Amino acid sequence: MRTEKTACILCSRNCGLEVDIENGHLTRIRGDKAHPLSRGYVCQKAARLDSYQNNRDRLEHPLRRREDGSFERVSWEAAIADIAKRMIAMRERHGGRSFAFYGGGGQGNHLGGAYGVQLLKAMRSRFYYNALGQEKTGDFWVNGRLFGHQTCHVTEDVEHADFVLIIGTNPWQAHGIPNARDTVKAISKSRERTMVVIDPRRTETAEQADIHLALRPGTDAFLLAAMLALLVREQLVNQQFVASHTTGFAELEAALREVPIEDFVRRADVPLADVLATVRGLARAKAACVRVDLGIQQSLHSTLNSYLEKLLFLLTGNFAKRGANNLHSTLIPLVGHSPEDSKRNWRTSRHKMHAIAQIYPPNILPDEIDHRGEDRIRCLFVDSSNPIVTGADTAAYERAFAKLELLVVVDVAMTETARFAHYVLPASSQMEKWEATGFNLEFPEQVFHLRHPLFEPKGESLPEAEIYTRILEEMGELPSRFPVLERVARLDRKAKGTGILLFALGFTVAMNKSYWPWSTWTASSYVSSILYRTLGPLLPNGAAATAVLWALVQQYAFEHRKAVKRAGHRGVGLRLGEALFQAILERRSGTPISRHVFEDVWSFVRHPGGRIHVGVAEMLDELRALATERDPQGDYPFVLIAGERRAYNANTIFRAPEWRRMDPDGALRIHPEDAKALGLSDGMRARVSSDRGDIEVTVAHYDKIRRGVVTLPHGYGLRYEGRLAAGPEINRLTSSSHCDPQARTPFHKFVPVRIAKPLSS
Ligand SMILES: Nc1nc2c(c(=O)[nH]1)N[C@H]1C(S)=C(S)[C@@H](COP(=O)(O)OP(=O)(O)OC[C@H]3O[C@@H](n4cnc5c(=O)[nH]c(N)nc54)[C@H](O)[C@@H]3O)O[C@H]1N2
Ligand SMILES: Nc1nc2c(c(=O)[nH]1)N[C@H]1C(S)=C(S)[C@@H](COP(=O)(O)OP(=O)(O)OC[C@H]3O[C@@H](n4cnc5c(=O)[nH]c(N)nc54)[C@H](O)[C@@H]3O)O[C@H]1N2
Ligand code: SF4
Ligand SMILES: [Mo]
């Protein structure tokens, strides 16, 4: 038995863990008290992580699909030779627009993506799809307008706020904020602090709130607009903040003055007195912040919601201070910036959709593959993602993926998506390789946790760094040796970092471009793989795949020198980066990498002059159009919230059904009165139908929801060992066209459905 440090990979919090390991299994898992962020915190899901590492769907060998749909084992050499040959042929015949890359990272793994996305360059393509494009791109688009760059990301200092407004998220189950349950409990217990929750459901979080605005689903835009209009009417706008830090307030104010407040509040069906109390509390708090998630991002008016939500903290001056909302610095840049008018921002063939934050929305992908035009996606890589289950409209995905000329899936397990692949390439699990995430979304202090391998790789599996570098080499995009860089790197490591300057200079000259693959499009700069092959082999303990981090750390230390030093790292120039890199490599419980001051937030605003542009024309148009909007439910009697986070779901990361301690069927939650009217008793089966499809579910009576609204969980409907396990395949009900006009994010939290007894009964 040995004890090791690592982190949980099930959600963006990546809590630090201390694990006991015996005979290839994680036998005991507890929170790591030495982790600077989570400080020993974990939720119930982490205890079962062994089910990720050891389950019968794990891949151990490269597989090739036969004509009859079954898979045969092939060697790495054969797989990579054939894949590279077909990719080159595809590029020559159909050009870069025939290729797309999907994923490249999940809740716990972002190092691999730095290697995977290089394939886009090799194929001369820009079509990068990612699950973020079905939840957060509307938010990123708004950030671009407000703050000048789509990489400006807002965080919320919930732990230090006196007033917390939680909209469309349930941190009790979904987390997303530091040590969520402790944090929620602490606010709830304190007399001085206030928590308001806007959610149609009385969630565990809402139950602890001072005010719960249980609105009608999909009416957030109305409610938030009314709240902003109340700020204006009640003269609660922080005029000083607005005058010194923003532009465009006059247009915004004019639009807000037209909002029929009482009408909109009625539409949301919440008590006006509670809305007023919320608005006053927000404006008068010493420090307030707003925390949001899918409840507004995957619902009607997604992008508009993201705009209005941000105006709540901006117009009250709750920005760039402790306990408020802030921008933060970024070590691993998960997203980029995509101006709509740039020629580099390719339009897709069918939907003419552009990228936001360098991400195309998964919603349009089936259509971009499945059409007769010459200009279509024919070749796709999917890495760390399972779109057949998680994308809107599963049937459309199945039809489209069956038409691909080459689909390669890189995963740790035989997923639903992998079943459609021509080649399935086995990645080593996140416990068998060096890994980390870029979910360092805190401000002012940031912690980065590099995890070391706990187990030997299963079978012939390889880390992504090796898989993609081999493909690039086979394609002839990368030479197999870099004699000069290798020499410099060797010198550097021998001299324990004294030659780092040389290496850095040599490298920068060689690359002559910014470091990160997402931000550069020069076909020559395969930065990640070159570092992997030159610096990588010299790093201790087989940490070759972390080589790409070295460049990112150097860049981070250069950009945020003072903040890095405040976190306790020492050194001048490139040596500061080197010191930070060493600390990250050595420390097993995570490394504090920076401590900012609140003033820094203003340097993260990218509009010239550092002003926030609060009057976003497109959004003001959409805001004005609300007044005449008709009820979107049509003649479907129920609204389904498709994809709730519950105690035992974690995207599609866990495959073995036995990992769930409760709710094995992922039941349909329905108000008892609604159920009674339909003759559905608790535990009975029912049929749920939308305009896309029908599924059968198990009924659970649930009185914490409005009548007319039902919910189903996310992350079920998987196959295990080839057989469909229990639980709803929710995306057989969802539609890709029921989506936000700006960002194309799907309205999963507002799916009109019918419910009935199953046909068989
Ligand atoms: N247990 C668990 N935790 C997870 C995950 C998981 O799979 N399982 N996944 C992780 C991921 S990838 C993400 S993105 C986050 C998502 O985290 P959340 O967004 O918090 O999760 P959801 O449960 O999808 O939706 C949040 C809430 O939105 C509410 N809601 C539904 N419709 C509306 C509406 O119209 N208006 C408002 N205001 N609220 C509405 C729902 O009732 C729900 O309580 O969770 C992360 N954490
Ligand atoms: N209807 C509906 N649909 C939804 C949602 C919803 O609320 N409602 N939520 C959406 C949201 S917010 C999200 S984020 C998406 C998530 O959906 P996806 O982006 O598809 O991600 P995951 O389900 O997390 O799939 C992760 C995959 O990565 C694999 N994996 C794990 N570790 C590694 C590794 O080290 N290397 C490689 N190569 N692979 C690995 C796992 O086996 C799994 O197949 O689902 C979305 N879909
Ligand atoms: S799933 Fe739970 S333990 Fe794991 S990172 Fe998220 S909050 Fe932490
Ligand atoms: Mo997500």
Side-chain angles (χ1 to χ4, degrees), residues 7-17 31 38 41-47 49 52 57 102-109 112 116 130-132 134-136 167-171 173-176 179-181 197-201 203 205-206 213 215-220 223 292-300 305 362 382-392 409-413 415-418 425 427-430 432-433 435 463-464 467 639 641-653 655 705 709 711-715 730-731 733-734 746 748-751:
C8 178
I9 58 154
L10 298 175
C11 86
S12 63
R13 294 310 308 168
N14 303 131
C15 299
L17 301 180
S38 58
Y41 180 89
V42 277
C43 78
Q44 75 287 350
K45 295 193 292 300
L49 267 173
Y52 162 75
D57 274 357
Y102 190 122
Q107 302 294 305
N109 57 320
N130 183 291
L132 283 170
Q134 44 88 73
E135 49 171 326
K136 300 277 179 286
I167 316 177
T169 178
N170 180 19
Q173 295 298 5
H175 294 267
N179 302 0
R181 292 181 182 181
V197 171
I198 304 183
D199 195 308
R201 201 158 61 84
T203 61
T205 314
L213 298 171
L215 81 178
R216 284 176 59 213
T219 58
D220 297 80
L223 179 56
V292 301
D293 212 334
L294 301 184
I296 59 166
Q297 291 166 349
Q298 286 188 340
S299 191
L300 308 181
N305 293 339
V382 176
D383 178 316
S384 305
S385 243
N386 192 4
I388 290 281
V389 176
T390 60
V409 169
V410 180
D411 204 295
V412 298
T415 65
E416 294 62 30
T417 303
L425 302 180
S428 302
S429 85
Q430 297 179 48
E432 299 161 355
K433 64 190 175 209
E435 256 303 354
E464 286 80 357
I467 297 174
V639 170
I641 299 177
E644 190 169 282
R645 269 64 186 167
R646 295 184 183 169
Y648 284 98
N649 58 11
N651 288 3
T652 67
I653 303 167
R655 304 192 62 77
I705 198 150
V709 184
T711 84
L712 281 171
H714 172 55
I730 48 173
N731 283 316
L733 298 174
T734 58
H748 286 331
K749 309 296 176 194
F750 195 100
V751 182

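Every number for a ligand or one of its atoms is a count from 1 in the order of the listing. Everything numeric in this text was worked out from a predicted model, so none of it was measured. Below, all heavy atoms of this structure are taken into account, side chains as well, without hydrogens, waters or symmetry copies.
- Among S12, G106, A131, G295, the residue whose heavy atom sits closest to atom 33 (C) of ligand 1 is G295.
- At least one N or O atom of K45, backbone or side chain, sits closer than 3.5 Å to an N or O atom of ligand 1.
- Backbone and side-chain nitrogen or oxygen atoms of N651 are examined, and one is located within less than 3.5 angstrom of a nitrogen or oxygen of ligand 1.
- For atom 36 (N) of ligand 2, the closest non-hydrogen atom on the protein side is E464 OE2, 2.6 Å.
- At least one N/O-N/O distance between D199 and ligand 1 falls below 3.5 Å.
- Residue, atom and distance of the protein heavy atom nearest to atom 26 (C) of ligand 1 are G168 O, 3.4 Å.
- In terms of modelled atom types and a separation under 3.5 Å, the side chain of Q430 and the main chain of E435 share no donor-acceptor contact.
- The shortest N or O to N or O distance between V410 and ligand 2 is below 3.5 Å.
- Close N/O approach between D220 and ligand 1 is found [any backbone or side-chain N/O within under 3.5 Å].
- Looking at ligand 2, you won't find any N or O of E135 less than 3.5 Å from one of its N or O atoms.
- Residue P217 places no N or O, backbone or side chain, under 3.5 Å from any N or O of ligand 1.
- T652 OG1, 2.6 Å is the protein heavy atom nearest to atom 23 (O) of ligand 2.
- Applying the 4.0 Å criterion to heavy atoms of K45 picks out, from ligand 3, the atoms 1 (S).
- Put simply, C15 gets within reach of atom 8 (Fe) of ligand 3, with an N, O or S atom under 2.8 Å from it.
- The nearest heavy-atom contact from the protein to atom 2 (Fe) of ligand 3 is C43 SG, 2.3 Å.
- At a 4.0 Å cut-off, not a single heavy atom of R655 sits close enough to ligand 2 to count as contact.
- Taking a cut-off of under 4.0 Å to the non-hydrogen atoms of S299, the atoms of ligand 1 that pass are 35 (O).
- The shortest side-chain heavy-atom distance between V197 and L213 does not fall under the 4.5 Å cut-off.
- Regarding atom 46 (C) of ligand 1, its nearest protein heavy-atom neighbour is A174 O, 3.6 Å.
- On a distance-only criterion, G643 and ligand 1 share at least one N/O pair closer than 3.5 Å.
- For ligand 1, the atoms sitting less than 4.0 Å from at least one non-hydrogen atom of A650 are 6 (C), 7 (O), 8 (N), numbered in the order shown with element in parentheses.
- The protein heavy atom nearest to atom 34 (C) of ligand 2 is N109 ND2, 3.4 Å.
- Every heavy atom of A392 sits 4.0 Å or more from the atoms of ligand 2.
- Residue contacts with ligand 1 leave out Q298, since none of its heavy atoms falls under 4.0 Å from the ligand.
- Residue P200 places no N or O, backbone or side chain, under 3.5 Å from any N or O of ligand 1.
- Around atom 43 (C) of ligand 2, the closest heavy atom drawn from N386, L294, D411, N130 belongs to D411.
- Close contacts of ligand 2 with D383, meaning ligand atoms under 4.0 Å from a residue heavy atom, involve 38 (N).
- Close N/O approach between N170 and ligand 1 is found [any backbone or side-chain N/O within under 3.5 Å].
- Atom 20 (O) of ligand 1 has its closest protein heavy atom at T169 OG1, 2.6 Å.
- Residue Q173 is tested with E644, K45, R181, R646 for a side-chain hydrogen bond (donor to acceptor under 3.5 Å, both in side chains); the sole match is R181.
- Near T203, meaning under 4.0 Å from one of its heavy atoms, ligand 1 places the atoms 44 (O).
- Atom numbering of ligand 3 starts at 1 in the shown order; those under 4.0 Å from a heavy atom of L10 are 1 (S).
- Ligand 1 places these atoms under 4.0 Å from at least one heavy atom of Q107: 12 (S).
- A donor and an acceptor atom, one from each side chain of N109 and S384, are located under 3.5 Å apart.
- Interface atoms of ligand 3 facing H175, defined by a heavy-atom separation under 4.0 Å, are 7 (S).
- Listed by number with element, the atoms of ligand 1 under 4.0 Å from a non-hydrogen atom of H714 are 7 (O).
- Nearest protein heavy-atom contact of atom 6 (Fe) of ligand 3 is C11 SG, 2.3 Å.
- Close contacts of ligand 2 with Y52, meaning ligand atoms under 4.0 Å from a residue heavy atom, involve 31 (C), 32 (N), 33 (C), 35 (O).
- Heavy atoms of H748 stay at 4.0 angstrom or farther from ligand 1.
- Residue-to-ligand polar distances keep T415 apart from ligand 2: every N/O pair is separated by 3.5 Å or more.
- Remark: minimum distance from atom 27 (C) of ligand 2 to any protein heavy atom is reached at S384 C, 3.4 Å.
- The atoms of ligand 1 that sit less than 4.0 Å from any heavy atom of G218 are 34 (C), 35 (O).
- For the atom pair L294 CG and K136 NZ, the distance stands at 5.0 Å (nearest 0.5 Å).
- Across the listed options I167, N649, I641, N649 owns the non-hydrogen atom lying nearest to atom 2 (C) of ligand 1.
- For T203 and R645, the side-chain atoms include no donor-acceptor pair closer than 3.5 Å.
- When non-hydrogen atoms are compared, ligand 3 lies under 4.0 Å from the backbone of N14 (N, CA, C, O) but not from its side chain.
- Protein heavy atom closest to atom 18 (P) of ligand 2, with residue, atom name and distance, is S385 OG, 3.4 Å.
- Each of D199, T205, D293 was scored for a side-chain contact (heavy atoms from CB on, under 4.5 Å) with T169, with one residue passing: D293.
- Scanning K749, Q297, R645 for the heavy atom closest to atom 21 (O) of ligand 1 points to R645.
- Set against the non-hydrogen atoms of R646, the atoms of ligand 1 under 4.0 Å away are 1 (N).
- Shown in contact with K433 at under 4.0 Å from a heavy atom are these atoms of ligand 2, numbered in order with element: 34 (C), 35 (O), 36 (N).
- Close contacts between ligand 2 and N731 involve ligand atoms 1 (N), 2 (C), 3 (N) [criterion: under 4.0 Å to a heavy atom].
- If you check each of Q44, Q173, K136 against atom 3 (N) of ligand 1, the one with the closest non-hydrogen atom is Q173.
- Within the structure, ligand 2 has A642 among the residues with a heavy atom less than 4.0 angstrom away.
- Residue E644 approaches ligand 1 through these ligand atoms, each under 4.0 Å from one of its heavy atoms: 23 (O).
- Nearest-residue assignment for atom 4 (Fe) of ligand 3 (options G16, C8, S12, G176; heavy-atom criterion): C8.
- Within the set L10, D293, T390, I388, the minimum heavy-atom distance to atom 47 (N) of ligand 2 is found for T390.
- Residue-to-ligand polar distances keep T219 apart from ligand 1: every N/O pair is separated by 3.5 Å or more.
- Residue I198 has at least one nitrogen or oxygen atom sitting less than 3.5 Å from a nitrogen or oxygen atom of ligand 1, judged on distance alone.
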